[in-house]
Amino acid sequence: MTDTHDTVGKDFIRQIIIADNASGKHDGNVVTRFPPEPNGYLHIGHVMSICLNFGIAREFNGRCYLRFDDTNPVKEDQDFVDSIMADVRWLGFDWEDRLTHASDYFDGIYDCAIKLIEDGKAYVDSLSAEQIREYRGTLTEPGKNSPHRERSIDMNLDLFRRMRAGEFADGVHVLRAKIDMAAANMNLRDPALYRIRKVNHQRTGDAWGIYPMYDFAHTVSDALEGITHSLCTLEFEDHRPLYEWILDNLDLPNRPRQIEFSRLNVAYGITSKRKLAALIEDGLVSGWDDPRMPTVAGMRRRGYTSQSIRNFVCNAGVTKKDKLIEMGALENCVREDLNENAPRVMAVLNPLKVVFLNYPEGGTELLAAANHPNRPELGSRDIPFGREIFIEHDDFMADPPRKFFRLRPEGEVRLRYGYIIKCVDVISDEAGNITEVHCTYDPDTKSGRPGAERKVKGTIHWVSASESVAVKVRLFDRMFTVANPDANRDGKTVTDFINPNSLDVVNEARVEPALVGMEPGAHVQFERLGYFVIDAKDSKPGHPVFNRVVTLRDSWAKIEKAQLAEI
RNA sequence: UGGGGCGUAGCCAAGUGGUAAGGCAUCGGGUUUUGAUCCCGUGUACCGCAGGUUCGAAUCCUGCCGCCCCAGCCA
């Protein structure tokens with residue numbers, strides 16, 4: 001345990017906490033909470049909050065609650081509660097016995113409302129929602145008082161109790177804080193505290209017909225729970241005066257401080273639960289866990305590791321500046337993790353048959369292949385080789401450009417973990433498509449054999465034609481065509497920016513036979529192609545489905561692009 | 001035109017009055033049976049702009065400009 005925290009390099013929130021601890025503000029206690037509303041799946045934006053709240057609790061020997069903000073039963077669902085818990089755990093955090101719900105505090109919150117009414121600081125308004133909106137004024141004009149604003153305390157108490165008793169229909173009355181209808185901050189123009197919602201709540205059933213609004217429920221829950229630092233995103237900055245007002249006007253056991261930080265956005269993605277839900281409803285993705293979705297569940301299925309996501313979020317930092325982080329930063333984090341940990345295997349996405357004219361008919365042999373070039377302790381495996389193999393179609397060009405190091409007519413190339421081969425003939429169909437390549441192999445160049453070190457420019461991956469297995473592979477691309485689809489532009493919505501090519505399914509990819517026995521969720525690197533994961537949902541025993549997490553860095557692609565630009 | 005917030009290299013981000021860290025990206029180069037990894041090297045950032053205070057300012061003051069958020073009985 002270290003108490004000599006240096007603030008240098010620490011984000012502004014940690015600096016505040018360090019200062020609070022130094023001044024003894026909360027007797028050195030640090031209590032945070034991650035308060036999701038169970039109305040959707042967690043996305044990459046939430047991960048920031050999770051890492052911050054749980055991370056800070058861990059670093060400062062504090063505690064972090066997982067508190068479901070379940071104050072609006074019409075939008076919330078137990079399925080979302082379950083997915084959120086699974087995601088938080090998967091991300092590596094533990095709330096231990098600190099799983100709570102705003103609904104756990106409904107009694108206390110109700111008591112707070114009564115107290116405000118008794119003190120003349122809240123009143124029951126009977127204006128319609130539309131009327132309240134009209135009375136609220138605009139950004140530049142003050143609002144005006146509701147005709148019900150000066151109801152007696154007794155009448156307010158009576159009305160509010162009857163609201164609770166279920167005597168009124170939805171929308172008939174609402175409890176409002178009595179603050180200032182002329183406040184420049186709209187949140188202070190007598191904000192609603194309670195509304196009537198005669199619906200069943202997923203936890204409290206029909207015990208309540210009224211539910212507290214976010215600002216009220218959240219503030220009181222924070223105080224009741226003993227939260228010291230209530231961390232939230234920037235859009236709640238305008239709510240802080242209301243948060244303070246609630247705290248000021250109630251006798252709560254603790255005074256938390258709200259601190260706001262900016263949300264994390266990733267380019268070419270969206271982090272709006274409403275918009276993500278719309279993608280599902282419109283059938284543009286298969287669900288919350290579609291591998292293209294920026295949800296935790298989607299990213300997990302896509303193959304992003306928990307570690308890589310945490311690193312990404314951590315690298316992004318905590319500030320108050322709007323951020324739109326390049327996808328490359330996220331990709332770098334997975335590559336970093338998977339480069340270290342994913343075993344290497346060979347697979348061919350777009351097979352081109354190669355026949356070795358000088359290799360015996362029906363002959364086969366096993367070649368030793370390292371599971372990880374930089375980590376010999378991970379061992380090796382034997383892969384079958386024979387007279388016919390498949391190579392990647394892209395690795396052969398009849399008329400190649402400059403600097404193309406792969407197979408070409410009369411050219412030589414090394415087969416990864418195998419022989420050096422030479423192209424002697426190219427077979428095409430009537431349409432001119434190359435259908436097969438004939439080669440000779442050089443027996444003296446078998447990988448690992450002394451004297452086999454002859455150098456050739458290129459090494460390509462391959463798979464035995466007879467022993468390899470056909471599998472389905474899914475290649476993903478960015479979900480949207482623009483970096484910030486969330487930004488409003490000319491009335492277009494996010495669906496206007498959908499990338500029609502975000503999913504490419506390869507039904508007949510060929511892989512080493514050993515891959516068929518791997519567990520769903522396992523990560524591998526297909527050499528020269530990228531990192532892949534065995535889909536945990538669509539794979540069946542004996543029939544794995546592979547998702548491409550991310551490609552390898554590809555400097556050839558850059559050269560190719562540069563050459564095209566020259567023309 | 002009201003209120004709140006933010007502006008340091010393409011993207012993040014340190015810096016808290018003493019003369020601009022780091023990461024990602026980029027571009028070179030080396031190693032390499034993955035054009036991967038790894039290793040080196042690579043950026044005049046007029047610190048949004050303009051004034052001012054100071055021996056000295058990204059850091060303090062003033063005025064502008066730009067971007068984001070706020071008018072749910074959503075969170």
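Naming convention: chains lettered A, B, ... in sequence-line order (proteins, then strands); numbering from 1 in each chain. Atoms considered below: every heavy atom in the structure, side chains included; atoms not considered: hydrogens, waters and symmetry mates.
- One finds a salt bridge joining A/Arg67 and A/Asp222 here, because a Lys/Arg side-chain nitrogen approaches an Asp/Glu carboxylate oxygen to under 4.0 Å.
- Between the side chains of A/Tyr105 and A/Glu225, at least one donor N or O lies within less than 3.5 Å of an accepting N or O.
- If you check residues 182-189 of chain A against RNA chain B, the residues with a heavy atom closer than 4.0 Å are A/Ala184, A/Met186, listed by number.
- For the pair A/Glu412 and A/Lys457, the salt-bridge criterion is not met [side-chain N within less than 4.0 Å of a carboxylate O].
- Of the charged side-chain nitrogens involved, at least one lies within less than 4.0 Å of a carboxylate oxygen, so that A/Asp125 and A/Arg176 count as a salt-bridged pair.
- Between A/Arg203 and A/Asp104, at least one side-chain N (NZ, or NE/NH1/NH2) sits under 4.0 Å from a carboxylate O, which counts as a salt bridge.
- For the residue pair A/Ser230 / A/Arg33, a side-chain donor-acceptor distance below 3.5 Å is found, with atom types taken as modelled.
- In this structure, A/Arg133 reaches the B/rG72 phosphate: one of its side-chain N or O atoms is under 4.0 Å from OP1 or OP2.
- Residue A/Pro373 is in base contact, counting any heavy-atom pair closer than 4.0 Å across all strands shown.
- Using a 4.0 Å cut-off between charged nitrogen and carboxylate oxygen, A/Asp180 and A/Arg189 do not count as a salt-bridge pair.
- Under the salt bridge (Lys or Arg N to Asp or Glu O under 4.0 Å) criterion, A/Arg197 pairs with no residue at all, not counting sequence neighbours.
- Contact between the side-chain N/O atoms of A/Arg195 and the OP1/OP2 oxygens of B/rC74 is found at a separation under 4.0 Å.
- Listed by residue number, the members of residues 233-243 of chain A with any heavy atom below 4.0 angstrom from RNA chain B are A/Glu235, A/Phe236, A/Glu237, A/Asp238, A/His239.
- Between B/rG66 and B/rU53, the distance separating the two C1' atoms is 26 Å to the nearest Å.
- Per the geometry, CG belonging to A/Asn374 stands 13 Å off C1' belonging to B/rU33, to the nearest Å.
- Regarding A/Asn265, its CG atom lies at a distance of 18 Å from the P atom of B/rC67, rounded to whole Å.
- Counting any heavy atom pair closer than 4.0 Å across all strands shown, A/Leu127 reaches a base atom.
- Contact check, A/Lys455 against B/rU33: a side-chain N or O comes under 4.0 Å of OP1 or OP2.
- The distance between the ring centers of A/Phe396 and A/Phe404 does not fall below 6.0 angstrom.
- Taking atom C1' in both B/rA58 and B/rA45, one finds a spacing of 11 Å when rounded to whole Å.
- A gap of 33 Å separates the C1' atoms of B/rG10 and B/rU62, to the nearest Å.
- A salt bridge is absent between A/Glu134 and A/Lys144; no separation between the charged side-chain nitrogens and carboxylate oxygens falls under 4.0 Å.
- At a cut-off of 3.5 angstrom, counting only N and O atoms as typed in the model, there is a donor on one side and an acceptor on the other between the side-chain of A/Arg414 and the base of B/rU33.
- As a whole-Å value, the separation of A/Phe68 CZ from B/rC74 C1' is 18 Å.
- With sequence neighbours excluded, the residues forming a side chain to side chain contact (heavy atoms under 4.5 Å, CB included) with A/Arg528 are A/Asp395, A/Arg406, A/Ile460, A/His461, listed by chain and number.
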statement: Quick tally for nucleotides 9-25 of chain B: nucleotides whose base has a protein heavy atom under 4.0 Å get B, sugar-phosphate-only ones S, the rest -, giving -BSSSSSB-------SS
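- At the phosphate of B/rC73, OP1 or OP2 sits under 4.0 Å from a side-chain N or O atom of A/Arg136.
- Spacing between B/rA13 and B/rU8 at atom C1', rounded to whole Å, works out to 9 Å.
- Between the P atom of B/rU34 and the CD1 atom of A/Ile383 lies a distance of 14 Å, rounded to the nearest Å.
- Contacts of A/Gly448 with the nucleic acid, taken as non-hydrogen atoms under 4.0 Å apart, include base atoms.
- One can place CZ of A/Arg263 at 18 Å from P of B/rC6, the figure rounded to the nearest angstrom.
- With rounding to whole Å, A/Arg344 atom CZ is found 13 Å from B/rU32 atom C1'.
- Between the CG atom of A/Asp180 and the P atom of B/rC70 there is a distance of 21 Å, given to the nearest Å.
- Across the P atoms, B/rG15 and B/rG29 are found 37 Å apart, a figure rounded to whole Å.
- Residues A/Thr233 and A/Glu235 bring a donor and an acceptor atom of their side chains to less than 3.5 Å of each other.
- Spacing of C1' atoms, B/rC69 relative to B/rC74, comes out at 16 Å, to the nearest Å.
- For the atom pair CZ (A/Phe236) and NE2 (A/His218), the distance works out to 7.5 Å, reported to the nearest 0.5 Å.
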statement: Its dot-bracket string being built from Watson-Crick and G-U pairs below 3.5 Å, with | for another strand and [ ] for crossing, RNA chain B has the pattern .(((((((.[[[..)..(...]]]..((((.......))))......[[[[[..)....]]]]])))))).....
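- Rounded to the nearest Å, the gap between the C1' atom of B/rU31 and that of B/rA36 is 13 Å.
- Nucleic acid contact class of A/Phe404 (heavy atoms, under 4.0 Å, all strands): base.
- A/Tyr194 comes within contact range of no nucleotide atom at all, as no heavy-atom separation falls under 4.0 Å.
- For A/His173 and A/Ser126, the side-chain atoms include at least one donor-acceptor pair closer than 3.5 Å.
- Salt bridge absent: A/Glu560 and A/Lys403 never bring a charged side-chain N and a carboxylate O closer than 4.0 Å.
- If you check distances only, the side chain of A/Ser447 does reach the base of B/rU33 with a donor-acceptor pair under 3.5 Å.
- The side chain of A/Ala129 lies closest to B/rC73, out of B/rA36, B/rC73, B/rA75.
- Separating the CZ atom of A/Arg454 from the C1' atom of B/rU32 is a distance of 18 Å, rounded to the nearest angstrom.
- Contacts of A/Glu141 with the nucleic acid, taken as non-hydrogen atoms under 4.0 Å apart, are absent.
- If you take atom C1' in B/rC24 and the same atom in B/rA14, they sit 15 Å apart, rounded to whole Å.
- Among the heavy atoms of the strands, none lies under 4.0 Å from A/Met346.
- A donor and an acceptor atom never sit less than 3.5 Å apart when one is taken from the side chain of A/Arg416 and the other from the base of B/rU33.
- Ring centers of A/Tyr211 and A/His201: under 6.0 Å apart, within the cut-off.
- Each of A/Val174 and A/Asp554 lies near RNA chain B, and the nucleotide nearest A/Asp554 is the one positioned closer to the 5' end.
- B/rG72 adopts a syn glycosidic conformation, its chi angle falling within 90° of 0.
- Here A/Arg375 does not reach the OP1 or OP2 of B/rU37: none of its side-chain N or O atoms lies under 4.0 Å away.
- Of the listed residues (A/Glu37, A/Glu76, A/His101), just one forms a side chain to side chain contact (heavy atoms under 4.5 Å, CB included) with A/Phe68, and that residue is A/His101.
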